[in-house]
Protein chains: 2
Amino acid sequence: MVSIKDIAKRAGVSISTVSYALNGNDKVTKETAAKILQAAEELNYVPHAAARLLKTKKSNMIGIFLTDFEGNFYGNLLQGVKEYVSSKGYDLLVCSGPQSRRLISERMIDGAIILDATFSDEELLQYANNGHKAVVLDRELQHPHINQVLLDNKAGATLAIEHLIEQGHDNIYAVSGPAGSYDALQRLRAVHQAIERVPGLTFTVLPGDFTKSSGEAAAQRIAAEYTRPAAVFCLNDEMAIGVYRYIRTHTDLVIGKHIHLVGFDNTELAQFIEPRLTTIDYSMPKWGALASEQLIKMLGGEPVENERIYVTLVQGASVTAATGT
Amino acid sequence: MVSIKDIAKRAGVSISTVSYALNGNDKVTKETAAKILQAAEELNYVPHAAARLLKTKKSNMIGIFLTDFEGNFYGNLLQGVKEYVSSKGYDLLVCSGPQSRRLISERMIDGAIILDATFSDEELLQYANNGHKAVVLDRELQHPHINQVLLDNKAGATLAIEHLIEQGHDNIYAVSGPAGSYDALQRLRAVHQAIERVPGLTFTVLPGDFTKSSGEAAAQRIAAEYTRPAAVFCLNDEMAIGVYRYIRTHTDLVIGKHIHLVGFDNTELAQFIEPRLTTIDYSMPKWGALASEQLIKMLGGEPVENERIYVTLVQGASVTAATGT
DNA sequence: TTGTAGGCGTTATCAC
DNA sequence: GTGATAACGCCTACAA
């Protein structure tokens, strides 16, 4: 592998001159610089990132940590992150799994974006204490080196429940999320608040874990005890899809008539399914872009405030007005 | 940041002894090793990856390069790769965009998996000539440092067309893929071969680029010239979804009756859409796992052969038998 | 303007 | 068994 030493030899100068020339330092004359650049070109020199990192302590890479690679849930988020960070001269590494965390502690990346419930708060705080910067998308964590960019789960869940109530529904189910999920917890809490505001509702919480199959299980339960139209708020679209699948294949009930359904995330599938799923929408790319903006500001030592991503309700035919009582 | 030097000082030994102890070399006595490990623990030492890499020339990271992060097309592939490589002690970095290529040339990763048409063959060969190992999923490239794991596009496209013909269709369209795509080229070539084998078919190729909107454009064209049932083979599911969307929202034609549709990839959406899309299926995780297996073998200096991923036809109601002539 | 030298955190080769 | 010491490739005062 060719190093600056080789190119120094070929250009007949010292390695420091090469380094200067390569980094565009104007201490070196145009002629020698040209000579050096040419030599570098001829040898097709590429710098060794590790060596530079060792010295400069800056990798110009940022990492985003996801629970897994499944679903196209994250595609737009990643796109948002990538575009922003590369406009700032950073590279993006997408990471998943416990092993890849060494990228943080071993200083391969300059900062991290976390959307991965398998990180514990303690672990993250530990990294922060060791000087690593991060922005978290899935929890609240107070630390000078940690910034938050969170979904407005409360608003979303409230919109969902209020929409069902406005449509005249009074037999309401919520399908919850996995135990460790911050988003699920926030949403469920808001659901309870919205429900309690209106007297006379029948309300049931069914367990769920954000997977299709848990949606199916919930649908089975709902179908089994069906006596009158039910309104179901699944805490994410994935589970709502599970409900669709079960209701359609195992019952004679009809979504949008007997079962009224609301999801959360506005995934691609939600838009294509028939009838279209009523759900909570927000901008994934914006979420990603904002998160990376915050992170890069932190890396530059700028002060940042915690941010929030706003949500809206998109209506589909999966919810219609209740007919009489 | 604490380095082995610090821990050497605290344990009252030399840095080389520390290094030995940390790497589990049995040249050092149990007692000193224990003392050193404890000191490292107390200082909560973490090794600096860049320094190690500089010395050992092994990062234990492999990179997979994708054109973009969109769609959940790659989720299962990535899962397959990740599981395999982490079982072998490697980390996976998911990369996209021109900038991230420096990970290869700057030796941050030990090897690369390429599924990104924006890499040119020349560029890849250049990397290979510089000693970098790669397995390619989207082209044929002969080089001792490059291995191929390709889809059996020919079989897939042939299955698709033959299925349409068997169902009695004789008015056949193919919606092609983007210009640079190896997969698209292979599929289209096989389509032509299958078509030519049967005399008396009406056959039209429509331009496409693997996006939904190009599918919609094709559907528009097909609907405009509609006189009798048409059988359409979209070279991927994404475009087939576009066809659905256009046909459903802009025409009175019915998929599975007037328009018979086949896709390629068996994406999640294809399974949920009504009527279910007939498409070509293959195992994404297996593709990923096989690719990484080949790569890791290459890294270990083992010889490898090019591999192929087999495909099958899955039938949905988007294609039914032609009714009379 | 250019060269010398030291150091970044490791590993590895020697002596002791 | 343990400890100096020289790399690895690059950057950067400081000297010349």
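All chains are named by letter (A, B, ...) in the order of the sequence lines, taking the proteins before the strands, and each is independently numbered beginning at 1. Because the structure is a prediction, the values reported are computed rather than measured.
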(request) Mind checking B/Val18 for me? I need base, sugar-phosphate or nothing, with any heavy atom below 4.0 Å counting as a touch. (result) nothing
(message) In whole Å, I'd like the distance from the CG atom of B/Leu53 to the C1' atom of D/dC8.
(response) 10 Å
(message) Under a 3.5 Å threshold, yes or no: a donor from one side chain and an acceptor from the other, between B/Gln38 and B/Glu42?
(response) yes
(message) For B/Val13 and B/Lys57, find the nucleotide of DNA chain D closest to each by heavy atoms; which residue's nucleotide sits nearer the 5' end?
(response) B/Val13
(request) Under the side-chain hydrogen bond (donor to acceptor under 3.5 Å, both in side chains) rule, collect the residues that match up with A/Thr32, sequence neighbours excluded. (result) A/Thr29
(message) Quick check: closest heavy atoms across A/Val2 and A/Leu43, and the distance to 0.1 Å?
(response) CG1-O, 3.5 Å
(message) For the residue pair A/Arg101 / A/Thr118, report whether a side-chain donor-acceptor contact shorter than 3.5 Å exists.
(response) yes
(request) For the side chain of B/Tyr45, starting at C-beta, report the closest nucleotide among C/dT10, C/dT1, D/dC8. (result) C/dT10
(message) Does D/dG3 have its OP1 or OP2 closer than 4.0 Å to a side-chain nitrogen or oxygen of B/Ser14?
(response) yes
(request) Work out how much the helix from C/dT1-D/dA16 to C/dC16-D/dG1 bends between its end axes, five pairs an end, to the nearest 10 degrees. (result) 50°
(message) Is the distance between the ring centroids of B/Phe65 and B/Phe119 under 6.0 Å?
(response) yes
(message) For B/Lys297, is there an ion pair with B/Glu293 - N to carboxylate O distance below 4.0 angstrom?
(response) yes
(request) Could you state the atom-to-atom distance from CG of A/Leu54 to C1' of D/dT12 in whole Å? (result) 14 Å
(request) Indicate whether any N or O donor in one side chain lies under 3.5 Å from an N or O acceptor in the other, for B/Asn153 and B/Asp183. (result) yes
(request) Step by step, work out the salt bridge (Lys or Arg N to Asp or Glu O under 4.0 Å) result for B/Arg102 and A/Asp91. (result) CA-CA 9 Å; B/Arg102 62 187 185 90; A/Asp91 267 0; 3.3 Å; yes
(request) Would you please confirm or rule out a distance under 4.0 Å between OP1 or OP2 of D/dT2 and any side-chain N or O of B/Thr29? (result) yes
(message) Could you tell me how far apart B/Lys5 (NZ) and C/dT11 (P) are, to the nearest whole angstrom?
(response) 14 Å
Taking only N/O atoms, report every protein-nucleotides 12-16 of chain C pair under 3.5 Å with atom names and distance.
residue	atom	partner	partner atom	Å
C/dT13	O4	B/Tyr20	OH	3.2

(message) The side chain of B/Ile4 is closest to which nucleotide in this list: D/dC8, C/dC8, C/dT10?
(response) C/dT10
